[in-house]
K.L.:
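Before anything else, here's the structure in question.
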Amino acid sequence: MKLLITINNKEIRLKGLSIMRKKIHNILSPRSFRFKVIFISFICLLIPATMTLFIYNYLTKNTIREQALSNANRELTIANEYVQKQFEDMMYITNFIQVDAEMNTLLKRKAKNLKDQTPDQNYQMFLDDSKINKTIDNITLLGGNSYVTILLKNGKSYTNYSSSEYNPTDLFHEDWFKQLNKTKGYESVWIGSQPTMFSSEKSKNPYQISVARTLRDENSHIYGYVIVTTMENEVSQIFKNMSGHEEMVLLDSSNHVISTRDDSEIGKSFQYRDQLREKNYSNIFQISKKNYLIAEHKISFTGWKLVSVVPYKQATNKVNSIFNKVIFVQVIFFSIFLVLMTYFLRTITKPISRLGNVADIVQQGNLNIRSHIRSKDEVGRLSKSFDLMLDRINEKIHEIKATEERKRKAELDMLQAQINPHFLFNVLNSIRMKVLVKGDKESANMISSLSKLLRMTISKEKKIITLDEEIQIVLDFINIMNMRQKEKVIVEISISEEANTVMIPRFILQPIIENSIIHGLSQSAGTIKVNTKVKGNETIIVIEDDGHGMDEEALKHLRRKITLANDADYSINKSKKGFSSLGLSNVYERMYMTFGQEFKMEIKSEIGKGTQVILSIPKGGGRSNVQSNAS
C-alpha cells in the first residue's frame, strides 16, 4: 500500500515538473510577435540605461565644471548687458549734444562773448537758453538719473540740476579735466567712481560715475564741454539684483574697483587681479585650498571690465543636486517603466492581432465586418483607414447602383419634360391679345420663339448641343418673357469664339435665366449678363443679374440644396412653375453626370447687388459622357 502511495506521489511530482517545464518553455520560446517586441524593448532599454549610469560617473566632473563656467558666463553676460545699457544711455546724451546741429548752433552762439547787445539780441539769447535747457530735459527723460552739464569756455553753463546742488564751473579744477583737453574729435574720457558732488545725493549715493567730451567748432577748436554723470549705485544695484551667489565688480583699466556691492571696496585694487587676463575669460583658480570660479567681460567703449567671482562649491552645488536627483528619478522611472512597458506593449499588440483577424474575415468575402479600433496611434489610424476603405467600397457599390438609377430617371424626366400648361396658356393668351390689339411683328416673333422652344422641348434628339445653340434658346425664352411682362429684361451676351463650340446638355442656361427673372428681378426690369472665358483647361460661363440678391442664410440654403443633387436620395423637384421646374438642382445633376467631378457650379450673391452663377466646364472633360449622350 505504501509502495503504491509512493509511486503515485512520484507520478504527481513528475507531472507537475513536466507542466512547469512546458510553461517555462512557452515563456522563453520567442514564438509570438508580442514576446519579441517586449524582449527587444527590454534589452534596448536596459543596455543604454546601464551604460548611462556607468559613464555618468566618469563624465560628471567635466560636465559640472563646464556647466558652472557656463552659468557664471551667463550671469555675467546678463549683468554686462544692463551695465553696458546704462553707459550707452550716458553716451547717447553726449553724442546728441555733440552732433545735433541745432544744439551746436545755439552753443556756439552762446560761446561768443557779445557785448552791448540790443534788446532784440537779448531776447534772442533768452530764447536760445530756453531751447538748450528744454533739449537737455528732453534727452534725459529716458536716461534715468543722469546729471548733464554743458560747460562753455567763457564760463557759461547749462545743467539739468540747480546751481545750489553744485557749481558747474568747479569742474575746471578737477584733475581729469586736463586729460579732457588732450582728447581729439569724438574721444571720450570716462571718470571712474568719485565722491558725489551733488549735495542732495551725497547722503544716499556716496559715489558717482561720469563721462566727458569736448565740443568743437569747424576748426576743431574747443569752445565747450559736456559731462554726463550717474550715481554709482545705478551700477551696484544691478549686481544686487542678480540671483546668484557671485561677487560682481566693475574694474577700470588698472584693475581698481569702480563699482561693487560693498561701497568700502570702491577705489581699492581688486584682490584677484593676478587671475585676470586681457580678453574675456573664465577659469577656476585656487586660494587657501578653496576653488573659485572667475569670469570677466570687457566693456569696449569705456576700457573697463566686468568681473564675477564665485566659490566653486556654491557654483556647482545646484548642478550636483540636479544630477543626483536626475539619477534617483531615472532609477525609479526605470523600474516603473519595466512594469508599464510590458502592460502597454501587450495593449499595443492586441489591436494588431484583432486587425489581422478582421483581414482574414474580409478575405472570405464579408465586407460588413469592422475592426472598430479607434486608438490615436499608428495602429488606430491603420485600423480606421481599413474600416474607411471597407465603408468606401460599400459606398461605391451603392453609388454605382444609385448613379445608374438616377441617370435613367433623369433621362426619362428630360424626355417627359413638357411646357407647363398654365405657362403655355399665358403665352398663347398674350399672343392672342397682341394679335387682336396691335397685329405687329412682335406677335410673329413671339410665335416663332415659342415654336422653337416647343420644338426643342418636345424633341427626343439632340440631347447635347453647342453653347451657341443654347444661347439661341435663351434669347427665344427672353423674347417670350418680355412679351408677358410689363417691364422688359435686357440680356447682354458676350461669348468667345472658342466657347461657342463647347458641347453641353440642352436647357442648361434657360433654368438659370428663368430663376434670375422670377426670383432675382421679381419679373421687373433689369439686366442679365452672360459671359464666357476660357481659362487653362476649363471653360467658365458666368450668368449674373442686377436683382435683389440673397442674404447669407438663403445663399447657404441654396448651395446646400444644389449639393444634395448628387446624393443617392435626390429626386428632381417638379413643383415649380414654367421651365424652372427643371431647377438649378437639375442643372447641376445633369452637368455632373455629363462631365463628372471636374464640373463645378458656384453661386455668389449679395443683398442689393444681384446674383452670380458660375459654371466651370472642364475642357475635354467627360467627353465620353458627352459623346454617348449625343448619340
K.L.:
Just checking, any donor-acceptor pair under 3.5 angstrom between side chains of Asn133 and Tyr158?
P.N.:
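Short answer, no.
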
K.L.:
Any sub-3.5 Å donor-acceptor pair from Ser130's side-chain atoms to Phe126's backbone N or O?
P.N.:
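Side chain of Ser130 to backbone of Phe126, a donor-acceptor pair under 3.5 Å: yes, one is there.
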
K.L.:
Determine yes or no for a side-chain-to-main-chain donor-acceptor pair under 3.5 angstrom, with Asn160 supplying the side chain and Val148 the backbone.
P.N.:
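Between the backbone of Val148 and the side chain of Asn160 there is a qualifying donor-acceptor contact (under 3.5 Å).
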
K.L.:
Does Glu498 have more than 12 heavy atoms from other residues, nucleotides or ligands lying within 6.0 Å of its CD?
P.N.:
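Not buried by this count: 12 neighbours or fewer within 6.0 Å.
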
K.L.:
If the test is side chain to side chain contact (heavy atoms under 4.5 Å, CB included), which one of Val491, Asp545, Val530 qualifies with Ile513?
P.N.:
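Testing Ile513 for a side chain to side chain contact (heavy atoms under 4.5 Å, CB included) against Val491, Asp545, Val530 leaves exactly one candidate, Val530.
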
K.L.:
So, applying side chain to side chain contact (heavy atoms under 4.5 Å, CB included) with Leu509, which one of Ile473, Val587, Val613, Leu467 is it?
P.N.:
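Of all the options given, the one that passes is Leu467.
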
K.L.:
Decide yes or no on side chain to side chain contact (heavy atoms under 4.5 Å, CB included) for Leu555 and Glu606, but give the supporting numbers first.
P.N.:
CA-CA 9 Å; Leu555 184 60; Glu606 293 185 33; over 6 Å; no

K.L.:
Arg392 and Glu395: salt bridge (Lys or Arg N to Asp or Glu O under 4.0 Å), yes or no, with the steps?
P.N.:
CA-CA 5 Å; Arg392 188 60 177 165; Glu395 288 176 4; 3.4 Å; yes

K.L.:
Applying side chain to side chain contact (heavy atoms under 4.5 Å, CB included) to Ile508 and Met591, what does each step give before you reach the verdict?
P.N.:
CA-CA 8 Å; Ile508 290 298; Met591 293 294 283; 3.8 Å; yes

K.L.:
Tell me, please, which residues at least two apart from Phe87 pass ring pair (Phe, Tyr, Trp, His ring centres under 6.0 Å).
P.N.:
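With neighbours one apart ignored, the set is Trp190, Trp304.
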
K.L.:
Could you check whether Glu602 and Ser616, counting side-chain N and O atoms only, form a donor-acceptor pair closer than 3.5 Å?
P.N.:
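Side-chain D/A pair, Ser616 to Glu602: absent.
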
K.L.:
So, are Glu538 and Lys533 salt-bridged, with charged N and O less than 4.0 Å apart?
P.N.:
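Here Glu538 does not pair with Lys533 in a salt bridge, since their nearest N and O are not under 4.0 Å apart.
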
K.L.:
Over 60° means perpendicular and under 30° means parallel, so tell me whether Tyr92 and Phe96 are parallel, tilted or perpendicular.
P.N.:
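Answer is tilted, since the angle falls between 30° and 60°.
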
K.L.:
Any donor and acceptor pair, going by atom type alone, linking the side chain of Gln510 with main-chain N or O of Phe507 inside 3.5 Å?
P.N.:
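No; zero donor-acceptor contacts below 3.5 Å.
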
K.L.:
Is it true that a side-chain atom of Thr532 and a backbone atom of Ser496 form a donor plus acceptor pair closer than 3.5 Å?
P.N.:
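Looks like yes, one N/O pair under 3.5 Å.
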
K.L.:
Can you check whether Gln237's main-chain N or O pairs, donor with acceptor, with Asn241's side chain at less than 3.5 Å?
P.N.:
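At least one qualifying donor-acceptor pair exists.
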
K.L.:
List for me each residue that meets side-chain contact (heavy atoms from CB on, under 4.5 Å) alongside Glu492, sequence neighbours excluded, and say none if there are none.
P.N.:
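Counting only residues at least two positions away or on another chain, Glu492 forms a side-chain contact (heavy atoms from CB on, under 4.5 Å) with Ile490, Thr527, Lys529.
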
K.L.:
With no hydrogens and no angle check, do the side chains of Gln472 and Asp476 hold a donor and an acceptor under 3.5 Å apart?
P.N.:
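No - no donor-acceptor pair under 3.5 Å links their side chains.
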
K.L.:
Is the number of heavy atoms from other residues, nucleotides or ligands under 6.0 Å of Tyr82 OH greater than 12?
P.N.:
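No, the 6.0 Å shell around OH holds no more than 12 heavy atoms from other groups.
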
K.L.:
Phe599 vs Leu615, test: side chain to side chain contact (heavy atoms under 4.5 Å, CB included). Steps then yes/no.
P.N.:
CA-CA 8 Å; Phe599 167 74; Leu615 307 177; 4.0 Å; yes

K.L.:
Answer whether the closest heavy-atom distance between the side chains of Gln86 and Thr230 falls below 4.5 Å.
P.N.:
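Contact flag for Gln86/Thr230 side chains = yes.
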
K.L.:
Might you point out which heavy atoms bring Ile93 and Ser146 nearest each other, and give the distance in Å?
P.N.:
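Scanning both residues, the minimum pair turns out to be CD1-CB, 4.1 Å.
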
K.L.:
What are the two closest heavy atoms between His548 and His519, and how far apart are they?
P.N.:
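That closest heavy-atom pairing would be CD2-O, 4.3 Å.
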
K.L.:
Looking at CZ of Arg370 and CZ of Phe386, how far apart are the two atoms once the value is rounded to the nearest 0.5 Å?
P.N.:
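One gets 8.5 Å once the value is rounded to the nearest 0.5 Å.
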
K.L.:
Does any N or O in the side chain of Asn479 come within less than 3.5 Å of the main-chain N or O of Leu475, such that one atom is a donor and the other an acceptor?
P.N.:
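Such a contact is absent between Asn479 side chain and Leu475 backbone.
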
K.L.:
Starting from the C-alpha separation in whole Å, work towards a yes-or-no answer on side chain to side chain contact (heavy atoms under 4.5 Å, CB included) for Ser605 and Gln612.
P.N.:
CA-CA 6 Å; Ser605 184; Gln612 187 180 70; over 6 Å; no

K.L.:
With sequence neighbours excluded, give me every salt bridge (charged side-chain N to carboxylate O under 4.0 Å, His left out) pair touching residues 92-108.
P.N.:
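Residue pairs with at least one partner in residues 92-108: Lys108-Glu218.
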
